[in-house]
Amino acid sequence: MVVMKFGGTSVQDADRMDRVLSIAEEELNEGVVLVASATAKTTDRLIQLTQASARGDEESVQSILNLIKTHHFQIAHDFLEGEYLEKAVARLETLFAELGTIVKGMTLLKEVSPRTLDAVVAFGEILSTTLLYHRALQRGLKARLLDSRNYIITDDSFGNATPDIRETYRRLSSGVKVGAGDLVIMQGFIASTPDGTTSTLGRGGSDYSAAIVGAGLHASRIEIWTDVHGVMTADPRIVPEAQPIPQLSYEEAAELAYFGAKVVHPSTIQPAVEKNIPVLVKNTMDPNGPGTTITHRSPYKGLKAIATKRSITLITIQSYRMLNAYGFLSRIFDVFAEYRTPVDLIATSEVSVSMTIDNKANLHSITRELSKIGKVVVEEEKAIISLVGEDVWKTHETILNAFSALQGIPVRMITMGSSHINLSLVVADRDGEESVRRLHRAFFEKG
Ligand SMILES: Nc1ncnc2c1ncn2[C@@H]1O[C@H](COP(=O)(O)OP(=O)(O)O)[C@@H](O)[C@H]1O
Ligand SMILES: N[C@@H](CC(=O)OP(=O)(O)O)C(=O)O
């Protein structure tokens with residue numbers, strides 16, 4: 001059995017949805033679980049909808065709602081007919097009536113809790129899979145539509161919930177049977193708490209859903225279908241010369257994903273690693289292309305790709321009380337733990353510690369607490385540039401070449417992951433893209 005995940009751009013309209021079903025059909029003899037995201041832009045629009053409701057801005061609420069409605073009804077009319085169209089339209093009407101009721105409540109109260117936000121954004125995936133399902137039936141496929149909320153069970157951290165993996169695997173293995181010829185359609189991103197309240201796995205979370213479903217059902221592989229040729233040597237939006245990487249290790253892929261190569265969601269890799277299931281990243285617009293295969297082993301040592309993470313905050317804490325002291329770092333990290341803020345990079349000297357964080361939600365409180373320990377300097381608008389590959393910094397040429405490529409661009413911090421897999425630099429955000437382009441030129445565009 002294969003799990004195939006299709007992202008928002010892969011299901012953006014009727015043509016793409018048809019393409020997706022053709023790709024899935026090719027693999028139906030193995031049995032397919034198709035995990036789909038909301039159509040491109042829909043999740044953003046649903047979030048805008050909640051923001052407009054919170055302002056009590058009824059005019060914007062109606063216009064966003066109409067945009068989402070028109071788009072989905074258009075898809076239904078574009079590729080469905082007869083009873084399939086009738087059934088799909090009836091289902092869409094019901095879904096939009098439910099959404100309308102929630103939105104009315106929000107607009108009246110001018111209040112949107114994280115729980116309500118999840119209830120609203122979940123409609124994106126429910127709508128897209130409803131359309132895929134009816135089209136699959138019209139195409140004569142043996143299709144079933146499941147609600148992921150009955151299988152993926154999380155805690156109540158709405159907006160970025162953590163799955164209860166054991167319960168989720170239990171429900172998947174007892175409730176989802178996939179035989180040869182079967183097409184099971186499920187939603188990415190959405191889940192529920194044990195009492196049935198809708199939750200979500202965080203933005204971009206459909207990859208994670210696919211990996212959880214793949215691991216829970218012992219899939220032979222997990223395919224992530226997207227709008228690029230695979231994991232590339234750099235973000236192709238920044239570097240048009242970027243090339244697909246045929247093979248990567250889980251560790252390399254996780255590092256790249258975490259440090260900004262958003263083609264694969266960072267958590268995706270984890271459930272696949274644990275069950276040793278290969279992850280393939282492929283292009284919906286070029287299904288016969290090789291894509292990227294992510295497995296346990298790296299095919300060769302050295303640099304594979306350059307990733308970048310923007311809008312980073314660098315926090316430096318300095319104190320002479322650090323000299324020869326112990327327990328200092330733990331006091332610092334307790335502050336980050338208290339405010340549930342992950343630290344990405346860290347560099348220390350005898351009297352100072354520099355750290356980067358991505359999430360600024362609690363920056364003010366964190367700074368206030370850290371000031372009790374030492375002098376704190378906060379620098380915003382930074383970018384992390386990561387050179388990733390097994391043993392990437394073991395050869396001194398990588399470091400020499402990197403610094404010579406970056407001549408004239410001030411490097412604020414440098415760290416080398418102890419796993420030898422990541423050499424990261426911090427530069428000003430405005431220098432981020434130029435740094436990636438120069439490094440890519442130096443390492444991948446020679447000759
Ligand atoms: N190293 C990289 N390789 C491939 N794509 C990358 C990389 N870094 C960033 N990206 C971006 O990731 C995008 C695909 O991710 P995403 O938008 O989440 O797709 P989807 O909607 O299919 O889930 C690509 O369009 C690309 O611009
Ligand atoms: N629709 C959700 C989940 C997701 O993963 O989408 P995509 O696969 O298009 O990145 C989001 O936009 O965050």
Side-chain angles (χ1 to χ4, degrees), residues 4-12 16 19-20 23 34-48 68 117-118 120-129 148 152 159-161 186-191 198-213 223-246 248 252-268 281-286 289 291-292 294 303-310 384-389 432-433 436 439-440 444:
M4 306 173 84
K5 178 262 171 176
F6 293 89
T9 48
S10 298
V11 293
Q12 67 186 24
R16 293 275 172 104
R19 184 179 276 275
V20 158
I23 292 172
L34 193 163
V35 175
S37 298
T39 58
K41 299 199 193 122
T42 297
T43 307
D44 288 340
R45 284 179 181 157
L46 288 163
I47 293 171
Q48 286 159 11
I68 301 173
L117 180 63
D118 274 358
V120 171
V121 292
F123 278 89
E125 272 68 13
I126 300 284
L127 290 165
S128 65
T129 49
S148 296
I152 301 186
N160 196 12
M186 294 179 79
Q187 307 76 26
F189 181 56
I190 71 171
T198 300
S199 57
T200 62
L201 302 179
R203 292 308 303 271
S206 295
D207 293 354
Y208 192 19
S209 309
I212 294 170
V213 171
E223 300 181 353
I224 306 289
W225 289 81
T226 182
D227 61 348
V228 282
H229 292 292
V231 183
M232 318 274 283
T233 48
D235 185 341
R237 284 174 297 197
I238 302 175
V239 183
E241 295 79 9
Q243 293 296 318
I245 308 163
L248 276 175
E252 290 169 329
E255 206 77 23
L256 276 172
Y258 189 78
F259 285 98
K262 281 287 155 65
V263 61
V264 193
H265 191 274
S267 335
T268 315
V281 181
K282 301 204 30 138
N283 190 345
T284 308
M285 300 309 284
D286 178 24
T292 300
I294 304 167
L303 181 65
K304 304 284 189 315
I306 302 161
T308 181
K309 213 172 172 183
R310 310 280 305 268
I384 297 176
I385 314 291
S386 299
L387 305 178
V388 174
E433 294 198 354
V436 173
L439 289 165
H440 195 273
F444 295 105

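Position 1 is the first residue of the sequence; numbering continues from there. As the structure lists them, so they are numbered: ligands from 1, and atoms in each ligand from 1. Reckoned from all heavy atoms, side chains included, excluding hydrogens, waters and symmetry mates.
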Working to the nearest 0.5 Å, report the span between NZ of K41 and OG1 of T9. 11.0 Å
If we number the atoms of ligand 2 from 1 as shown, the ones under 4.0 Å from a heavy atom of R203 are 11 (C), 12 (O), 13 (O)
Closest approach of A38 and S128, non-hydrogen atoms and distance? CA-OG, 3.8 Å
Can you tell me if E125 contacts ligand 2 (heavy atom of the residue under 4.0 Å from the ligand)? yes
Can a donor-acceptor pair be found between the side chains of T198 and D118 at a distance below 3.5 Å? no
Considering heavy atoms of the protein only, find what lies nearest to atom 7 (P) of ligand 2 and give residue, atom and distance to 0.1 Å. S37 OG, 3.5 Å
For the 3.5 Å polar cut-off, considering only N or O atoms, please tell me whether M232 and ligand 1 meet it. yes
For atom 9 (O) of ligand 2, what's the nearest protein heavy-atom neighbour? Residue, atom name and distance, please. G8 N, 2.9 Å
Would you please determine whether G124 falls within less than 4.0 Å of ligand 2 on a heavy-atom basis? no
Output all residues satisfying ring-ring contact (aromatic ring centres under 6.0 Å, His included) with Y208, sequence neighbours left out; order by chain, then residue number. none
Looking only at protein heavy atoms, what sits closest to atom 10 (O) of ligand 2 is G204 CA, 4.0 Å
Which atoms from ligand 1 have a heavy atom of V231 less than 4.0 Å away? 3 (N)
Check: D227 N/O within less than 3.5 Å of ligand 1 N/O: yes
G7 heavy atoms, cut-off 4.0 Å: which ligand 2 atoms fall inside? 8 (O), 9 (O)
Check ligand 1 against V228 and write out every atom of the ligand that is under 4.0 Å from a heavy-atom position of the residue. 4 (C), 5 (N), 24 (C), 25 (O)
Does ligand 1 come near enough to D235 that some N or O of the ligand is less than 3.5 Å from an N or O of the residue? yes
Counting distance only, does the side-chain N/O of T292 pair as donor-acceptor with the main-chain N or O of V231 below 3.5 Å? yes
Between the side chain of T233 and the main-chain N/O of A305, is any donor-acceptor distance below 3.5 Å? no
Show the nearest heavy-atom pair for residues I385 and I306, with the distance to one decimal. CG2-CG2, 3.9 Å
Residue and atom name of the nearest protein heavy atom (relative to atom 21 (O) of ligand 1), distance in Å to one decimal: G8 N, 3.4 Å
Does ligand 1 have a heavy atom under 4.0 Å from the side chain of V263, from its backbone, from both, or from neither? both
Tell me, which protein residue and heavy-atom name are nearest atom 16 (P) of ligand 1, and how many Å apart are they? K262 O, 4.3 Å
I'd like to know if P236 contacts ligand 1, where contact means a heavy-atom distance under 4.0 Å to any ligand atom. yes
contact_flag G204 ligand 1 heavy-atom lt 4.0 Å: no
With nothing but distance in play, are any N or O atoms of K5 less than 3.5 Å from an N or O of ligand 1? yes
Closest contact, heavy atoms only, A234 versus A242: O-CB, 3.3 Å
Non-neighbouring partners of H440 that pass ring-ring contact (aromatic ring centres under 6.0 Å, His included), sequence neighbours left out: F444
If we only consider heavy atoms of G230, is any one of them less than 4.0 Å away from an atom in ligand 1? yes
I need the minimum non-hydrogen distance between G202 and N160, along with the two atoms involved. CA-OD1, 3.8 Å
Within the distance-only criterion (no hydrogens, no angle test), does the side chain of T308 pair as donor or acceptor with the backbone N or O of I384 below 3.5 angstrom? yes
Is ligand 2 under 4.0 Å from a heavy atom in the side chain of K5, in the backbone, in both, or in neither? side chain
If you look at every heavy atom in Q187 and T129, which pair is closest and at what distance? NE2-OG1, 3.2 Å
Short list, please: which atoms of ligand 2 are under 4.0 Å from a heavy atom of S206? 3 (C), 4 (C), 5 (O)
Donor-acceptor under 3.5 Å (S386 side chain, A307 main chain): no
Nearest 0.5 angstrom please: I23 CD1 to L34 CG, how far? 9.5 Å
Determine, using heavy atoms of G188 and all atoms of ligand 2, whether some pair is separated by less than 4.0 Å. no
Specify the protein heavy atom at minimum distance from atom 22 (O) of ligand 1: its residue, its atom name, and the distance to 0.1 Å. T226 OG1, 2.8 Å
State the NZ-OG distance between K5 and S37, to the nearest 0.5 angstrom. 4.0 Å
So, is G202 polar-close to ligand 2, with some N/O to N/O distance under 3.5 Å? no
Give the residue and atom name of whichever protein heavy atom lies nearest to atom 11 (C) of ligand 1, and the separation in Å to one decimal. R237 NH2, 3.4 Å
